[in-house]
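I have placed the structure first, in the form of structure tokens, so that the comments after it can refer back to it.
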Protein chains: 2
Amino acid sequence: MLSQKAKYALRALLMLAERPPGTMVLAAEIAERQKVPRKFLELILLELKRDGLLVSQRGRNGGYCLARAPAGISFGQVVRLLDGPLAPLPCASVTAYRRCADCHDEHGCHIRLVMRRVRDSMAAILDNATLADALAGRVGDELLEDA
Amino acid sequence: MLSQKAKYALRALLMLAERPPGTMVLAAEIAERQKVPRKFLELILLELKRDGLLVSQRGRNGGYCLARAPAGISFGQVVRLLDGPLAPLPCASVTAYRRCADCHDEHGCHIRLVMRRVRDSMAAILDNATLADALAGRVGDELLEDA
DNA sequence: GTTATTCCCTACTAAACCTGTCGACTTTAT
DNA sequence: ATAAAGTCGACAGGTTTAGTAGGGAATAAC
């Protein structure tokens, strides 16, 4: 399950992606428009900034904007940053592999093999979906008709 | 992330699937062999039984066995039962749809569309992978060679 | 250089959830 | 009767989630 944090982060990023590149937007404005508690949002924006997805400007006329073009930011990066690895099990993770303590012969573990497939397909979708794709209505391979 | 409960449940079911159909196995034996706390496992087995995946026999010579053939029990059923809907967001769920309270115009929500694709691909894998498939080494479309 | 604005940072909290544990009760075979 | 086994409710300790609170630091405008 996606956390509120990740959901809020995606909303904020999508909102920023709609603006002309370099436009500074106030945290307060994002909070109001996206209906996210202001202080909570600040924590999230800060995390996104630390990870290099956002650029910020302090003081008057400050705010946040994307650090790269919307086509350069994927859902996968955002979800991993805020919610951790995609894989349903640590032993099925590629980016954050960890052995199951109680699993003898991991190599033949059927559960792991299935979960590995799940993680691969999640990664294929999320790492491939960028903010630009979302705004353009491109979801996966198909282009969405009107609505 | 898969809960311990779901992981233990899958382990127990796979173990039962290896036995000849109808063989009663003690909760205590499953617990020991799969290294799962006994009392905790009992809760899980009970839940599996209530959902019709297991059959139990009380008293002496009692135990648990699968209620159906291993080919009739999918990973998806088990995961949904113990961990809830597959979808990363309630608004992207098929089996347990719930509107996002703070989402105006859900219809055009880009986040939802992406998460819907994630849930579809998870469901395709998990609902298609049965206990029998796992034991046979069938994972998805390909058959696994030795190792 | 003062002031208003805006992001930055740390600490805290209340509630929920996860992972079990405990103890008693019921059913059943011997 | 007795012992073996599943059934059930309550609870507890730790972790995570979803925020809140309050100030500190940088910057622009005046």
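Here is the naming used below: chain letters follow the sequence lines, and residue numbers restart at 1 for every chain. Scope of the values below: all heavy atoms of this structure, side chains included, with no hydrogens, waters or symmetry mates.
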Provide, to the nearest angstrom, the distance between the CD atom belonging to Glu29(A) and the P atom belonging to dT6(C).
-> 11 Å

Does Asn61(A) put a side-chain nitrogen or oxygen below 4.0 Å from OP1 or OP2 of dT6(C)?
-> no

So, is Gln57(A) near the phosphate of dA28(D), with a side-chain N or O under 4.0 Å from OP1 or OP2?
-> yes

For Met1(A) against Pro88(B), the heavy-atom pair lying closest together | SD-O, 3.0 Å

Arg19(A) atom CZ, over 12 foreign heavy atoms within 6.0 Å = yes

Worked check of side chain to side chain contact (heavy atoms under 4.5 Å, CB included) between Leu16(A) and Val25(A) | CA-CA 7 Å; Leu16(A) 290 175; Val25(A) 183; 3.5 Å; yes

N or O in side chain of Ser56(A) less than 4.0 angstrom from dC8(C) OP1/OP2 | yes

OP1 or OP2 of dC8(D) sitting under 4.0 Å from any side-chain N/O of Arg50(B)?
-> yes

With a non-hydrogen cut-off below 4.0 angstrom, is Ala28(A) in contact with a base, only sugar-phosphate, or nothing?
-> nothing

Of the candidate nucleotides dT20(D), dT19(C), dC9(C), which contains the atom at the shortest distance from the side chain of Glu42(A)?
-> dC9(C)

Picking from dT28(C), dT6(C), dG20(C), the nucleotide nearest the side-chain atoms of Arg58(A) would be dT6(C)

Expressed in angstrom and rounded to an integer, what is the separation of Phe40(B) atom CZ from dC18(C) atom P?
-> 10 Å

Which nucleotide, dG19(D), dA29(C), dG6(D), lies nearest any side-chain atom of Pro37(A)?
-> dG19(D)

Would you kindly give the CD1-to-P distance between Ile44(A) and dT20(D), to the nearest whole Å?
-> 11 Å

Proximity to the side chain of Leu26(B) - top-ranked nucleotide from dG20(C), dA5(D), dT6(C) = dA5(D)

Is Asp127(A) salt-bridged to Arg80(A), going by a charged N under 4.0 Å from an acidic O?
-> yes

Atom CG of Leu43(B) and atom P of dC22(C) are separated, to the nearest Å, by 13 Å

From the candidates dT5(C), dG6(D), dC22(C), the one with an atom nearest any side-chain atom of Lys39(B) is dC22(C)

What is the distance from CZ of Arg38(A) to P of dC7(C), rounded to the nearest Å?
-> 7 Å

Taking only Lys NZ, Arg NE, NH1 and NH2, and the carboxylate oxygens of Asp or Glu, determine whether Arg33(B) and Glu18(B) approach each other closer than 4.0 Å.
-> no

Short side-chain N/O contact to dG20(C) OP1/OP2 from Tyr8(B), under 4.0 Å = yes

Nearest-angstrom distance from the residue atom NZ of Lys5(B) to C1' of dC17(C) | 10 Å

N or O in side chain of Lys49(A) less than 4.0 angstrom from dC8(C) OP1/OP2 = yes

Find which nucleotide of DNA chain D each of Arg60(A) and Val25(B) is nearest to by heavy atoms, and output the residue with the more 5' nucleotide.
-> Val25(B)

From CD of Glu47(A) across to P of dC8(C) the rounded distance in Å is 13 Å

Charged N to carboxylate O under 4.0 angstrom, Glu47(A) versus Arg50(A)?
-> no

Please report, rounded to the nearest Å, how far the C1' atom of dC7(C) is from the CG atom of Leu16(A).
-> 14 Å

Looking at every strand, decide which applies to Leu45(B) at a 4.0 Å heavy-atom threshold: base, sugar-phosphate, or nothing.
-> nothing

